[in-house]
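Heads up: the structure comes next, in structure tokens.
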Number of protein chains: 2
Amino acid sequence: MSTPSSQPLDAARRKFIEAGGNTTQSFGFGRIAGQLFALLYLSAKPLCLDDIVRELGVSKASVSTTVRQLEQWAAVRRVWVKGDRKDYYEAETDFGAMLRHGLLMTFRKKVETAGAQIGLVENSLKRAMENVDDAQRQEMQVVADRLQRARDFHEKIHGMLNNPVIDHLL
Amino acid sequence: MSTPSSQPLDAARRKFIEAGGNTTQSFGFGRIAGQLFALLYLSAKPLCLDDIVRELGVSKASVSTTVRQLEQWAAVRRVWVKGDRKDYYEAETDFGAMLRHGLLMTFRKKVETAGAQIGLVENSLKRAMENVDDAQRQEMQVVADRLQRARDFHEKIHGMLNNPVIDHLL
DNA sequence: AACAACGTTTAGTTTTTATTGAACGAATGA
DNA sequence: TCATTCGTTCAATAAAAACTAAACGTTGTT
């Protein structure tokens with residue numbers, strides 16, 4: 001008992017799925033991630049792996065890995081359907097929650113990694129400056145100043161990303 | 001008459017350059033972009049193409065193209081040195097300006113493209129809904145509703161990105 | 001137990017992106 | 001004019017990423 005979707009509806013759906021793929025690809029996440037999310041987002045019912053394979057025309061392996069990516073970004077969630085041992089998935093429809101729990105997290109991590117690396121360089125330079133004559137120290141100071149400006153900026157960004165106001169706005 | 005930079009200084013510089021490469025790569029911009037910016041950022045004097053080639057150990061072609069990328073992002077600017085027809089480059093040290101004029105711009109464009117695509121799908125679906133019986137229209141309505149939520153979110157993001165307050169915070 | 005239906009992992013392939021060497025044209029100055 | 005020094009472009013290559021088919025382990029069914 002499958003619903004015979006109308007042609008114009010399917011046409012629109014496919015356009016949206018393609019648009020989703022293009023968008024995620026332009027942001028450096030894969031193409032399939034966007035297509036898969038778009039498909040689920042417009043679907044009234046949760047879909048299983050093979051549904052998705054059929055609709056998108058990609059391999060089961062790709063769907064399996066992509067679906068887990070999307071789960072990590074809180075863009076898709078697994079749902080249980082009674083009396084069926086297949087895994088079903090549905091899209092998160094609250095984009096704000098999605099950004100807060102998924103993308104922003106990833107972003108924060110990368111920013112932190114960058115900040116930590118600045119810190120390491122700063123420290124190793126500071127230690128090196130102690131055992132050196134004044135001429136050399138002066139040359140190093142220029143670099144030390146720039147490093148500090150970089151770290152200042154990092155802390156500014158860090159502050160913004162962890163500001164509850166941001167979460168509230170999304 | 002070249003300055004004989006001290007060993008510890010150079011060591012720190014190289015670490016920073018490597019860190020820069022890792023960071024930009026993790027964000028999906030190339031590795032060289034980050035290395036090149038980091039090199040210029042810690043350099044007291046502007047550098048020419050061949051200086052950069054020498055320091056980073058990459059081809060002139062790569063430096064040429066990457067430097068133009070960075071110029072577009074307002075991360076690097078060309079400076080003239082009197083009596084030398086080589087092009088010299090220096091880093092933008094104001095990270096805020098850099099984000100405002102470079103990265104945010106790129107980001108905005110991608111978001112706009114995505115938004116436009118949603119609009120297209122929405123319109124084609126709306127038009128299709130006019131010439132269809134009630135049963136079909138009801139099925140389409142579910143999809144139409146989700147599309148509208150997607151567009152609402154897009155407009156929220158659009159508003160945030162174009163809010164002067166953001167620029168002011170950076 | 002043997003089988004079938006799933007989702008995952010792995011190893012290999014295809015596709016895309018990054019990087020380079022070499023050729024080129026413009027500008028400089030002998 | 002000719003030779004040189006630059007930066008860019010372009011075709012080719014190397015490196016990375018996306019994608020797949022097939023094998024696998026698990027879970028449920030007969």
Side-chain angles (χ1 to χ4, degrees), chain A residues 17-18 20-40 45-73 75-90 106 110, chain B residues 17-18 20-40 45-73 75-90 106 110:
Chain A
I17 289 171
E18 193 188 327
N22 293 341
T23 301
T24 49
Q25 186 154 54
S26 87
F27 279 101
F29 318 109
R31 179 170 45 92
I32 298 185
Q35 295 182 336
L36 177 28
F37 176 77
L39 171 64
L40 289 178
K45 307 248 162 224
L47 303 181
C48 71
L49 258 182
D50 283 313
D51 292 336
I52 299 169
V53 166
R54 203 173 312 117
E55 292 289 334
L56 299 186
V58 297
S59 75
K60 206 163 57 149
S62 291
V63 174
S64 176
T65 58
T66 303
V67 114
R68 260 179 307 153
Q69 251 189 73
L70 290 174
E71 265 186 306
Q72 288 210 316
W73 298 342
V76 151
R77 77 171 69 83
R78 205 177 296 231
V79 300
W80 262 260
V81 172
K82 54 166 187 181
D84 194 333
R85 74 189 168 94
K86 289 200 209 70
D87 290 344
Y88 284 83
Y89 300 94
E90 67 181 9
T106 309
K110 292 188 178 181
Chain B
I17 288 170
E18 193 187 328
N22 293 340
T23 301
T24 49
Q25 186 154 54
S26 88
F27 279 101
F29 317 111
R31 180 171 45 93
I32 297 185
Q35 294 181 336
L36 177 29
F37 176 78
L39 171 64
L40 291 177
K45 309 249 163 225
L47 304 181
C48 72
L49 257 181
D50 284 312
D51 292 338
I52 300 170
V53 166
R54 203 174 312 119
E55 292 288 334
L56 298 186
V58 296
S59 75
K60 207 160 56 146
S62 291
V63 174
S64 176
T65 57
T66 304
V67 115
R68 258 179 307 152
Q69 250 189 72
L70 290 174
E71 264 185 306
Q72 290 210 316
W73 298 342
V76 151
R77 77 172 70 83
R78 203 177 299 231
V79 299
W80 263 261
V81 172
K82 54 166 187 180
D84 192 334
R85 76 187 167 92
K86 290 200 208 71
D87 290 345
Y88 283 83
Y89 300 94
E90 67 181 12
T106 309
K110 292 186 178 180

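Protein chains get the first letters and strands the later ones, always in sequence-line order, with residue 1 at the start of each.
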Check against side chain to side chain contact (heavy atoms under 4.5 Å, CB included), A:Lys60 and A:Asp50: CA-CA 7 Å; A:Lys60 206 163 57 149; A:Asp50 283 313; 3.7 Å; yes

Can you check side chain to side chain donor-acceptor pair (under 3.5 Å) on A:Ser62 and A:Ser59, steps first, answer last? CA-CA 5 Å; A:Ser62 291; A:Ser59 75; 3.3 Å; yes

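Distances shown here put every side-chain N or O of B:Ser62 at or beyond 4.0 Å from the OP1 or OP2 atom of C:dT19.
Within a 6.0 Å sphere centred on NZ of B:Lys45, heavy atoms belonging to other residues, nucleotides or ligands number 12 at most. Within 6.0 Å of CD on B:Glu90 lie more than 12 heavy atoms contributed by other residues, nucleotides or ligands. Atom CD of B:Gln69 sits in a crowded spot, with more than 12 heavy atoms from other residues, nucleotides or ligands closer than 6.0 Å.
If you measure from atom CD of A:Gln25 to atom P of D:dC19, you get 7 Å, rounded to the nearest angstrom. To the nearest angstrom, P of D:dA18 lies 10 Å from CD1 of A:Ile32. Between B:Phe27 atom CZ and C:dT17 atom C1' the separation is 20 Å, expressed in whole Å. At whole-Å resolution of the value, CZ in A:Arg31 and C1' in C:dT17 are 15 Å apart.
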I'd like a list of close polar pairs between nucleotides 6-8 of chain C and the protein, N/O only, cut-off under 3.5 Å.
| residue | atom | partner | partner atom | Å |
| --- | --- | --- | --- | --- |
| C:dC6 | OP1 | A:Lys86 | NZ | 3.3 |
| C:dG7 | OP1 | A:Asp87 | N | 2.8 |
| C:dG7 | N7 | A:Lys60 | NZ | 3.0 |
| C:dT8 | OP2 | A:Ser64 | OG | 2.6 |

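With respect to the salt-bridge test (charged N to carboxylate O, under 4.0 angstrom), the residues A:Arg78 and A:Glu71 qualify.
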